[in-house]
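Reviewing the structure listed below.
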Amino acid sequence: MTEEIIIAGFGGQGVLSMGKILAYSGIMQQMEVSWMPSYGPEMRGGTANVTVILSTERISSPIVNEYDTAIILNQPSLDKFENTVKPGGTLIYDPNGITRHPTRTDINIYSIEATEEAANMGNTKIFNMIVLGGYIKVKPIVSVENVIKGLEKSLPKRHHHLIPENKEGVLKGMQIIQVKK
Amino acid sequence: MGELRLMKGNEAFAEACIRAGVDAYFGYPITPQSEVIEYLMAAKPYETTGMVVLQAESEVASINMCYGAAGAGFLPATSSSSPGISLKMEGISYMAGAELPLIVLNVARGGPGLGDIQPAQSDYFQATKGGGHGDYRMYVLAPSSVQEMCDFVLIAKEMAFKYRNPVMILSDGVIGQMMEKVELFDPIPRRTIEEVEKQCPWATTGKKPHRQRNIITSLDLDQYKQERHVLKLMDKYKRMEEEDVRYEEIQTADAEYLIVAYGSSARICQKTIDLARAEGIKLGLLRAITVFPFPSKRLNELANQVKGMLAVEMSAGQMVEDVKLSVNCRIPVYHFGRTGGVIHTPTEVLEAVKNLLIK
């Protein structure tokens, strides 16, 4: 089993850290993982993206041009990556700020109102964990328990008191993700 | 089993330097390798192992600090990315001339000039053909995973002392910035001063009454003596070719066509092999682990078996020249690769295999 994922959005949305937590969750599940960020001019103001690969086998190329799953958090990323999802693949997006919605009919499209939900919960910082929760609901490749372990591994000890609210975000995301109508 | 961590290639190199017992790191930040010095500064090895970590005022200063440390028998490391490596080349040439150990990491980016900050393999000529002035070579390792960014520090350490010569780890922005699972080796203590003196009787460790003074220099104004010195260096590089060529073969046993690649490009090509095999194309991969010395002998043997070779590198075509020399133009050899910081995809490589190699 190999899952190739692109996560893309604005810098500051927690795109890279979401990818890192997902990669650590994979390690907790004894999988091979790779995490390849965009580190170029785009992360210096603008869009940020990261390719995460989770696999039960040795990972060949960390660079791929089509993905099993795209997690899209802004319009420029949707424009750029909608067509890179493999036929039959999955696209998850937060409709907040999206004016041109995805149109493909050969992939599974889910929407998750994570920006709105994070605001409702009074904690905009758990936005990315809500999205991650949505992802593991539709693609249960890693378990919630291993995501929490991944969080513990990727957060420095001094931030470990934030784990309960992040867990809450993951669980909320699992509840609110829905098939796009 | 050693400790498992999820790390960037740059961080793995930094941690490996501490664990390998490297004596000093002198560097200067540049994207995409700044995590090396960031990691070392945060890890503070000077408080535990006594390893010196210092951010110099420039690349030129940092390589000359390495020159000084190595002259005293210590093992220094430095790192930079392409434009910064160019600045270090004078010092590297001096260290090769003075026969000193050094580990230097290049996390290469697009060039020439300042180029851009995206991954590239267009520093191959610089790394393998000398780079600085004069008749010299570096022993050059090309890691293709974060694990190898860690493990190759140990090989680099061994080779730097075996040959008393600078060793380069030639990486790029993909391997430097990517995070993968790494199994860290157990720490090796740094040598004591007594051990340094024993291992490096040539070093400037203070003149003892019973021996002549040691002089570290790359200068000899007597051209005949200088010629003898250069020939001695050449013997060393020949020995590298005889004793320490490293490569990996993937699905070459029944291959009719062969890709030759190194570093991150070799990772991308592994996926191309899978795609090609799924279509019934008998494609294999030779991954050069050392790009100097180059696995020429093995490529020459494979030329008896395959119909053609494709050198796939993120450059406008540099390693392809070594592949052609290896097979003496007995079979067709082509080049494919994106350059200037663009990374080719596995499917682009497969298209090139079909268009150039199979036709």
Side-chain angles (χ1 to χ4, degrees), chain A residues 2 4-7 15-44 48-67 83-84 86 142 146-147 149-156 158, chain B residues 4-10 31-35 42 81 107 109-110 116-119 144-147 172-183 250-251 261 263-275 277 285 287 312 314 338 341-351:
Chain A
T2 298
E4 295 168 332
I5 310 148
I6 179 93
I7 309 172
V15 166
L16 299 187
S17 47
M18 192 198 320
K20 189 174 170 184
I21 293 160
L22 184 55
Y24 253 124
S25 315
I27 290 182
M28 295 303 137
Q29 215 144 304
Q30 274 73 49
M31 298 174 97
E32 297 299 321
V33 302
S34 78
W35 176 97
M36 179 68 213
S38 61
Y39 65 89
E42 59 269 56
M43 75 175 273
R44 286 150 167 83
N49 68 70
V50 60
T51 301
V52 177
I53 304 179
L54 305 172
S55 182
T56 48
E57 288 140 55
R58 180 181 170 186
I59 294 167
S60 55
S61 176
I63 311 280
V64 288
N65 47 338
E66 45 179 23
Y67 305 92
N83 285 327
T84 64
K86 293 176 192 171
V142 291
N146 283 327
V147 169
K149 281 190 199 158
L151 253 172
E152 284 167 5
K153 275 288 213 175
S154 58
L155 279 179
R158 65 179 189 279
Chain B
L4 262 190
R5 277 199 224 163
L6 182 70
M7 295 179 107
K8 284 192 170 194
N10 289 334
T31 305
Q33 66 80 53
S34 298
E35 290 85 359
S81 178
V107 185
R109 60 189 239 183
D116 55 34
I117 60 175
Q118 303 291 9
S144 76
S145 65
V146 175
Q147 184 69 53
D172 63 57
V174 173
I175 307 294
Q177 290 297 323
M178 170 171 69
M179 282 204 286
E180 288 185 309
K181 201 157 73 172
V182 188
E183 187 183 342
I250 293 163
Q251 307 217 42
S264 57
S265 184
R267 284 287 291 276
I268 293 161
C269 291
Q270 279 176 41
K271 183 136 187 162
T272 305
I273 304 292
D274 295 341
L275 297 172
R277 292 269 166 178
L285 170 69
R287 171 168 85 94
V312 182
M314 279 140 48
R338 304 292 297 267
V342 181
I343 308 168
H344 37 252
T345 63
T347 41
E348 279 179 321
V349 178
L350 183 60
E351 284 308 304

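Here is how names work: the chains are called A, B, and so on, in the same order as the sequence lines, proteins then strands, and each is numbered from 1.
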When R267(B), E180(B), R5(B), Q270(B) are compared by non-hydrogen pairs under 4.5 Å with chain A, the top option: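 Top option by heavy-atom pairs under 4.5 Å: R267(B).
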Of the backbone (N, CA, C, O) and the side chain (C-beta and beyond), which part of V174(B) lies under 4.5 Å from a heavy atom of chain A, both, or neither?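 Backbone plus side chain of V174(B), per the 4.5 Å heavy-atom cut-off to chain A.
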Sort D274(B) into side chain, backbone, both or neither according to what part of it lies under 4.5 angstrom from a heavy atom of chain A. side chain
Which heavy-atom pair separates M178(B) from M36(A) by the least distance, and what is that distance?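 What the structure gives for the nearest pair is CB-SD, 3.7 Å.
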Just to be sure I understand the criterion: a residue of residues 56-66 of chain A counts if one of its heavy atoms is under 4.5 Å from a heavy atom of chain B. Which ones qualify? R58(A), I59(A), S60(A), S61(A), P62(A), I63(A), V64(A), N65(A)
Just to verify, what does L6(B) make a side-chain contact (heavy atoms from CB on, under 4.5 Å) with, not counting sequence neighbours? K20(A), A23(A), Y24(A), I27(A), V33(A), M179(B)
